Amino acid sequence: MAGKRLQSIRGIHDGLPAEVLVWRHIEEVARKVFATYAFSEVRLPILEPTELFVRSIGEVTDIVSKEMYAFTDQGGDNICLRPEGTAGAVRAYLQGGLTRAGIQRWFYIGPMFRRERPQKGRLRQFQQIGVEIFGASGPLEDAEVLAMAHSFLSELGISELNLEINSLGCPACRPAYRDVLVSYLNKCAGNLCETCNARIDKNPMRVLDCKVEACQAELQNAPEMIHHLCTVCETHFSGLQDGLTALDIPYQINARIVRGLDYYNRTAFEIISDQLGAQGTVLAGGRYDSLIDELGGPPTAAIGFAAGLERLAMLLGEIRAAGVDIAIVALGEQVIPYSLQQSALLRQQGLSVVHCGGGSAKRQFKIADREGASFVLVIGEDEMLSGFITLKNMATGEQQQLTFDQLVRTVID
RNA sequence: GUGGAUGUAGCUCAAUGGUAGAGCCCCGGCUUGUGAUGCCGGUGGUUGUGGGUUCGAGUCCCAUCAUCCACCCCA
C-alpha cells in the first residue's frame with residue numbers, strides 16, 4: 001500500500017467480478033422462485049424523505065436516531081439514503097393508488113444504508129432482497145411467505161439454517177402481557193445488567209434477547225408472549241403452524257424473537273445460520289398490520305421479509321466464472337484485420353469471443369488459456385487465403401480445419 | 001458509540017533495534033505458427049499515514065486512517 005490512496009468509504013465495498021457473479025446467481029434464483037409465488041418486482045428510490053423513516057421506524061430507534069445518512073439538500077429538503085425497504089414500499093403502494101387494486105405481492109433488490117460500525121456481514125452499504133405483501137391478513141399467507149423464503153434458500157443450496165418463529169401479539173393482547181413481563185422483570189431487576197434495567201421501562205420485550213449469560217439465566221422463567229395471546233392471535237399463530245406442517249417446513253418456536261418497532265404484530269420470524277458469527281440472521285421478517293394505517297393509508301394487513309445479499313453470498317462461496325467460447329490467435333500483422341472480422345462474425349452468432357491481440361503464438365495461447373477459452377481459432381496467412389479455419393479444442397488439444405459454419409456448430413455443441 | 005487484534009511486493013506471508021526476503025501471480029526466454037507441467041531470467045516496496053525515542057526503527061512509543069472480530073444494533 002504505497003502512499004495515499006483514494007479509497008472507498010468505510011464499510012462500503014466494491015462489487016468486483018468474482019463477487020458479482022455470486023450476487024447475480026442469488027438474484028436469479030430469487031426472481032425464479034418469487035415468480036412461482038406470483039410476486040412482481042418493484043424498483044424503488046434509494047433517496048427518500050427522512051420523515052418517512054421517522055414516522056415508520058420511529059425516531060427513538062437506533063436506525064433512525066444514529067445510523068441514517070440524512071442530510072438537507074440544496075433546496076432545504078430533509079432527505080436520506082434508505083436504511084431499509086419496507087417503509088418505501090408502503091409509501092409507493094399508497095402513492096401509486098394501489099390500495100383498491102387487490103393483494104399486492106412485491107419484491108425488490110437493492111442497496112440499503114446504515115452508518116454502523118462495520119463487521120462481518122455488516123456493511124454500511126449493503127444489499128437486501130425484500131418481499132412485501134399488502135392486503136393479506138390470514139395465517140395462510142404467513143405460511144406461504146415462509147414457504148417462499150424456505151424454497152428460495154434451499155434452491156440456493158444453503159442448508160444448516162434454522163427457521164424460528166414467534167408471535168408478538170397485537171394491540172389487544174400485548175399491553176396486558178407487557179404488564180406481566182414488566183412486573184416479572186422488576187422482581188429480578190437486581191440481577192439484570194444495566195442495559196436490561198434501562199429497557200424495562202423503555203422496551204421490556206427487548207430484555208428477552210439480551211446476550212448476557214447472567215440475564216438469560218434470570219429470564220429462564222420469564223413470561224412469554226405466546227402464552228398470553230388473545231384468541232385471535234392464538235388462532236392465527238396455530239394456523240401458521242398448521243400451514244408450515246402441511247408444507248413440511250421445519251421450524252422452531254423461539255419466544256425470544258422480538259422486534260424493536262411497534263408496528264410489528266403477530267408473526268415474527270428469522271432464519272439463522274451458525275456459520276456467520278454474530279451477524280447470523282440471513283433473513284428476517286414479520287407481519288406489520290398497522291404500518292400502512294400509520295402512514296396515512298386505509299387499515300391494510302401486511303407481511304414481509306428481507307434477506308441480506310452479502311450474507312447469503314458468504315454462505316455460498318465462490319462460483320467459477322464461465323470461460324469464453326473462443327479465443328482468436330492472429331499470427332502476423334497482415335492477418336489482423338481479417339481476424340477482427342472473424343471475431344465480429346462469431347459474436348454475431350452469439351458466441352463470446354476474446355481476441356488475443358496478436359504477437360507471438362505462445363503469448364496468445366497463454367492468454368487464451370487464462371481466459372478459459374473452450375476453443376482457439378488460429379488465423380495465419382494460410383487460413384486467411386484458404387478460407388478454412390483452424391480450430392483447436394483446448395481441453396483435448398485436438399486441432400482441425402473447418403469452414404465457418406462447421407466451426408460455429410462445433411463450438412455451440 | 002465502546003472494547004480487542006492486525007496493517008511489509010498485485011496476493012499469502014517471513015525478517016534477535018543493524019544491508020527488506022520467499023512462495024504464488026505478472027512479464028520475457030528455452031530457435032521461426034500452439035496453452036495448462038518443467039528450467040532460466042526479469043518487473044515490482046518511501047514497510048498504511050504523520051510524528052517521537054535511538055548512532056541506527058518494518059521492529060519501541062504516540063497519534064491518525066483502514067481492515068477484521070466482538071459489544072451495541074440488525075438483513
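Nothing here was measured: the structure is a model prediction, and the numbers come from that model. Below, chains carry the letters A, B, ... as their sequence lines are ordered, and counting in each starts from 1.
For the pair A:D382 CG and B:U32 C1', the interatomic distance rounds to 14 Å; values are reported in whole Å. Atom pair A:I57:CD1 and B:C74:C1' shows a separation of 11 Å (rounding to whole Å applied). In this structure, the CD atom of A:Q364 is 13 Å from the P atom of B:C27, given to the nearest Å. Per the geometry, CD belonging to A:E67 stands 13 Å off P belonging to B:C72, to the nearest Å. Rounded to an integer number of Å, the gap from A:L276 CG to B:C68 P is 14 Å. Atom CD of A:Q400 and atom P of B:G33 are 23 Å apart (whole Å). The separation between A:L16 atom CG and B:G10 atom P is 16 Å, rounded to whole Å. Between A:R115 atom CZ and B:C74 atom C1' there is a gap of 16 Å when expressed in whole angstrom units.
A search for side-chain contact (heavy atoms from CB on, under 4.5 Å) contacts involving A:V180 returns A:P223, A:H228, not counting sequence neighbours. In this view, A:R43 and A:R31, A:E41 satisfy the side-chain contact (heavy atoms from CB on, under 4.5 Å) rule, not counting sequence neighbours. Residues satisfying the side-chain contact (heavy atoms from CB on, under 4.5 Å) test with A:A136, not counting sequence neighbours, are A:I103, A:I133, A:E141.
Closest-nucleotide positions on RNA chain B for A:G285 and A:Q399 were compared, and the one nearer the 5' end corresponds to A:Q399. For A:A306 and A:G277, each mapped to the nucleotide of RNA chain B holding its nearest heavy atom, the one lying further toward the 5' end belongs to A:G277.
Screening residues 351-401 of chain A for ring pair (Phe, Tyr, Trp, His ring centres under 6.0 Å) gives no qualifying pairs among residues at least two apart or on separate chains.
One P atom belongs to B:C61, the other to B:G21, and the distance between them is 25 Å to the nearest Å. Taking atom C1' on both nucleotides, B:C60 is separated from B:U54 by 10 Å, rounded to a whole Å. When the P atom is used for both B:G28 and B:G44, the distance is 16 Å, rounded to whole Å. A gap of 25 Å separates the P atoms of B:C71 and B:U64, to the nearest Å. Between B:U31 and B:U19, the distance separating the two C1' atoms is 41 Å to the nearest Å. As rounded to the nearest Å, B:G3 and B:C55 have C1' atoms that lie 40 Å from one another. For the C1' atom pair drawn from B:G4 and B:U43, the interatomic distance equals 40 Å after rounding to whole Å. B:C13 and B:G18: their P atoms are spaced 24 Å apart (whole Å).
The residue A:L331 sits close to a base: some heavy atom pair falls under 4.0 Å. A:E371 comes within 4.0 angstrom of nothing in the nucleic acid, heavy atoms only. Across all strands shown, A:V378 has heavy atoms under 4.0 Å from base atoms, whether or not it also approaches the sugar-phosphate. Within the nucleic acid shown, A:A284 comes within 4.0 Å of sugar-phosphate atoms alone, with no base atom in reach, counting heavy atoms only. In this structure, A:I271 reaches neither bases nor backbone, as no heavy-atom distance under 4.0 Å exists between it and the strands shown. Using a 4.0 Å heavy-atom criterion, one finds that A:E84 contacts no nucleic acid atom at all. Residue A:R114 is classed as a base contact, given a heavy-atom separation below 4.0 Å to a base. No engagement by A:K66 is indicated, since no non-hydrogen atom pair under 4.0 Å with the nucleic acid exists.
Comparing B:G28, B:U34, B:C26 against the side chain of A:R370 picks out B:C26 as the nearest. In the set B:A75, B:C71, B:C74, B:C71 carries the atom at the smallest distance from any side-chain atom of A:A278. With B:C71, B:A75, B:G35 as the choices, the nucleotide that has an atom nearest any side-chain atom of A:T281 turns out to be B:A75. Listed candidates were B:A75, B:G28, B:C72. Nearest to the side chain of A:R311 is B:A75.
Phosphate contact (OP1/OP2 of B:C68, side-chain N/O of A:K120, threshold under 4.0 Å): absent. The side chain of A:Q119 contributes an N or O atom lying less than 4.0 Å from OP1 or OP2 of B:A70.
In this structure, B:G1 and B:C71 make a Watson-Crick or G-U wobble pair, each of the two defining distances being under 3.5 angstrom. With a cut-off of 3.5 Å on both pairing distances, the Watson-Crick or G-U wobble partner of B:G7 is B:C65. Summarising the base pairing, B:G45 is matched to no nucleotide, lacking a Watson-Crick or G-U wobble pair whose two defining distances lie under 3.5 Å. Base-pair partner of B:C25: not found among the strands shown (Watson-Crick or G-U wobble, both distances under 3.5 Å).
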Tabulated below should be each protein N or O lying under 3.5 Å from an N or O of nucleotides 36-40 of chain B; please produce it.
residue: B:A36; atom: O4'; partner: A:D369; partner atom: OD2; Å: 2.9

Contact list (N/O, under 3.5 angstrom) for nucleotides 64-67 of chain B vs protein:
residue: B:U67; atom: OP1; partner: A:G11; partner atom: N; Å: 3.1
residue: B:U67; atom: OP2; partner: A:R10; partner atom: NE; Å: 2.9

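Within the 4.5 Å cutoff, the side chain of A:F107 has no heavy atoms near those of the A:V42 side chain.
The base of B:G33 lies outside donor-acceptor range of the side chain of A:E381, with no N or O pair under 3.5 Å. You'll find a donor-acceptor pair under 3.5 Å spanning the side chain of A:R122 and the base of B:C72, going by distance alone.
The backbone N or O of A:Y69 sits nowhere less than 3.5 Å from a side-chain atom of A:R114 that would complete a donor-acceptor pair.
One finds no salt bridge joining A:E116 and A:R124 here, because no Lys/Arg side-chain nitrogen approaches an Asp/Glu carboxylate oxygen to under 4.0 Å. A salt bridge does not link A:E28 to A:K32: none of the charged nitrogens lies less than 4.0 Å from a carboxylate oxygen.
Note: A:F134 and A:Y93 meet the aromatic proximity criterion, with ring centroids under 6.0 Å apart.
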Report the C-alpha separation of A:M205 and A:L181 in whole Å, then their side-chain angles, then the decisive distance to 0.1 Å, and conclude whether the side-chain contact (heavy atoms from CB on, under 4.5 Å) test is met. CA-CA 8 Å; A:M205 289 173 77; A:L181 178 63; 4.1 Å; yes
Evaluate A:Y264 against A:S290 for side-chain contact (heavy atoms from CB on, under 4.5 Å), listing each step before the verdict. CA-CA 7 Å; A:Y264 277 108; A:S290 55; over 6 Å; no
Would A:E132 and A:Y288 satisfy side chain to side chain donor-acceptor pair (under 3.5 Å), going step by step from the backbone distance to the final call? CA-CA 10 Å; A:E132 319 287 350; A:Y288 50 96; 2.4 Å; yes
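In this pair, A:F39 and A:F34 present their aromatic rings tilted. The plane angle is within the 30 to 60° band.
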